[in-house]
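Have a look at the structure below, then the notes.
Each chain gets a letter, A, B and so on, in the order its sequence line appears, and its residues count up from 1.
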2 protein chains.
Amino acid sequence: MSAQTDWLSLLHKAGCRVTAPRGAVITAIQQATRPLGIYELHSLAREQYPYLGLVTVYRTVEKLIELNLVQRIHQPDGQHTYLPVANPNQHMLLCQGCGHVAFFEGDISSLAESISRKTGYQLDLSLVQFLGLCADCLHQTKE
Amino acid sequence: MSAQTDWLSLLHKAGCRVTAPRGAVITAIQQATRPLGIYELHSLAREQYPYLGLVTVYRTVEKLIELNLVQRIHQPDGQHTYLPVANPNQHMLLCQGCGHVAFFEGDISSLAESISRKTGYQLDLSLVQFLGLCADCLHQTKE
DNA sequence: GTAACTGCAAACGCTTTGCACCAAG
DNA sequence: CTTGGTGCAAAGCGTTTGCAGTTAC
């Protein structure tokens with residue numbers, strides 16, 4: 001999706017400073033193919049900026065969430081993981097058993113509209129997450 | 001939905017003991033019209049069983065989740081709240097801005113089937129949660 | 001009687017905060 | 001130069017664990 005430079009200039013436009021520690025965190029999270037925990041992000045980003053502190057990872061991720069570039073995922077075990085926001089037609093499927101994540105590509109705008117009409121809730125399509133159970137966990141539960 | 005006695009007998013059938021502290025927690029959570037936090041549950045249940053310890057609330061809720069009677073909701077601020085599981089056609093809409101919860105009544109089995117076909121994920125319809133933003137929070141974000 | 005449950009206190013782990021120093025603009 | 005960002009250490013807070021006493025069955 002967006003290149004690192006995009007995120008950095010977005011940061012800049014938002015009135016934030018562009019620093020090496022932030023660049024390292026951004027690089028790390030943009031490479032993510034699955035939701036990464038804070039410690040994973042920390043050690044990944046340290047490959048690029050070794051003196052990076054854990055607190056800076058928290059603060060940078062917070063900023064990126066504010067800017068709608070990153071979303072936080074609550075894993076079933078209570079841990080938080082982070083992932084770049086998907087495009088509007090790509091929806092996350094979060095397994096509440098094992099925390100595994102898959103993506104579902106499909107247009108759900110009609111469903112979203114129906115929900116909005118009935119409840120007043122406006123789904124932000126790039127933020128919608130479907131929670132359920134992956135095939136493995138479903139079998140374990142219903143044994 | 002289910003009366004308290006049902007839950008107690010389900011507990012019993014699952015090999016757990018039926019105790020006064022658990023009864024108090026169950027009463028409290030069954031009365032919930034919105035997701036309740038641990039401390040809310042604790043003080044509510046204490047009206048029925050004053051010596052109730054916080055740890056017992058945690059442990060009872062955990063048991064009820066195992067038995068698929070209660071589900072845990074991750075609020076945007078990181079707090080956990082708890083709610084009896086809804087029926088298969090009633091789906092939760094969780095606002096990721098303020099944590100407010102609404103319900104959407106509708107049959108999404110065809111969407112669930114489509115998702116299952118494409119990804120292998122099997123949505124448990126009584127566990128599906130739609131995450132997004134309520135009208136208020138959407139306006140705040142997009143100002 | 002025995003195994004599960006309870007409550008307390010302490011431990012635990014993730015996250016936030018205070019503060020002095022540093023660097024972007 | 002000024003303000004925001006950084007790293008460290010400590011505090012904070014929700015949650016879990018160890019343990020001795022208690023209770024369901």
Side-chain angles (χ1 to χ4, degrees), chain A residues 4-5 7-29 35-43 45-46 48-67 70-82 99, chain B residues 4-5 7-29 35-43 45-46 48-67 70-82 99:
Chain A
Q4 186 192 336
T5 47
W7 287 26
L8 290 179
S9 59
L10 285 172
L11 261 183
H12 194 207
K13 272 175 196 152
C16 302
R17 289 185 182 169
V18 174
T19 65
R22 284 180 174 172
V25 174
I26 287 174
T27 301
I29 202 167
L36 297 178
I38 278 287
Y39 295 108
E40 291 177 295
L41 278 175
H42 188 215
S43 57
R46 278 203 163 187
Q48 179 175 328
Y49 187 84
Y51 289 145
L52 183 68
L54 182 62
V55 181
T56 299
V57 182
Y58 275 107
R59 289 193 271 226
T60 302
V61 161
E62 194 64 38
K63 267 268 168 332
L64 296 174
I65 291 173
E66 276 171 32
L67 297 176
V70 164
Q71 68 182 309
R72 176 185 285 121
I73 296 168
H74 301 276
Q75 296 293 355
D77 60 7
Q79 234 190 64
H80 288 166
T81 55
Y82 303 89
Chain B
Q4 185 192 338
T5 46
W7 288 26
L8 291 178
S9 60
L10 284 172
L11 261 183
H12 194 206
K13 270 175 196 152
C16 302
R17 290 184 181 168
V18 175
T19 65
R22 283 180 175 173
V25 174
I26 286 174
T27 301
I29 202 167
L36 298 178
I38 280 286
Y39 295 109
E40 292 178 295
L41 278 175
H42 187 215
S43 58
R46 277 203 163 188
Q48 178 175 330
Y49 186 84
Y51 288 145
L52 182 68
L54 183 62
V55 181
T56 298
V57 183
Y58 276 106
R59 289 193 272 227
T60 302
V61 162
E62 193 65 39
K63 267 265 169 332
L64 296 173
I65 291 173
E66 277 171 31
L67 297 176
V70 164
Q71 67 182 310
R72 176 185 285 123
I73 295 169
H74 302 275
Q75 296 293 355
D77 61 6
Q79 233 189 66
H80 287 164
T81 55
Y82 303 89

Rounded distance (Å) that lies between atom [atom2] of [N] and atom [atom1] of [X]:
X       : N      : atom1 : atom2 : answer
B:Ile26 : C:dC5  : CD1   : C1'   : 14 Å
A:Glu62 : D:dG4  : CD    : P     : 18 Å
A:Tyr58 : D:dG12 : OH    : C1'   : 13 Å
B:Ile65 : D:dT15 : CD1   : C1'   : 13 Å
A:Arg22 : C:dC22 : CZ    : P     : 19 Å
A:Leu11 : C:dA24 : CG    : C1'   : 13 Å
A:Leu8  : C:dA24 : CG    : C1'   : 13 Å
A:His42 : D:dC8  : NE2   : C1'   : 12 Å

Practice task
Provide the closest heavy-atom pair for A:Leu8 versus A:Ile26 in the form atom of the first, atom of the second, distance.
Solution key: CD2-CD1, 3.6 Å
Completion exercise
Residues B:Arg22 and B:Cys16: closest non-hydrogen pair is NH1-CB, 3.5 Å
Problem - Residue of the set A:Leu52, A:Leu36, A:Val25 for which side-chain contact (heavy atoms from CB on, under 4.5 Å) holds with A:His42 - result: A:Leu52
Under 4.0 angstrom between [X] side-chain N/O and [N] OP1 or OP2:
X       : N      : value
A:Tyr39 : C:dC14 : yes
A:Thr19 : C:dA24 : no
A:His80 : C:dC14 : no

Practice task
Evaluate the side-chain proximity of B:Ile29 to B:Leu41: yes if any heavy-atom separation is below 4.5 Å, no if none is.
Solution key: yes
Handout entry: Distance-only donor-acceptor test (3.5 Å): side chain A:Arg17, base C:dG25
Key = no
Among [options], the one nearest [X] by side-chain distance:
X       : options               : value
A:Arg59 : C:dG25, D:dC8, D:dT15 : D:dC8
A:Lys63 : C:dT15, D:dG5, D:dC8  : D:dG5
A:Tyr49 : D:dG7, C:dG25, D:dC25 : D:dG7
A:Leu52 : C:dA24, C:dT15, D:dG7 : D:dG7

Exercise for the section: Kindly assign one of parallel, tilted or perpendicular to the pair B:His74 and B:His80, based on the angle between their ring planes and the thresholds 30° and 60°. Expected result: perpendicular
Problem - 5'-most by nearest nucleotide on DNA chain D - A:Pro21 or B:His12 - result: A:Pro21
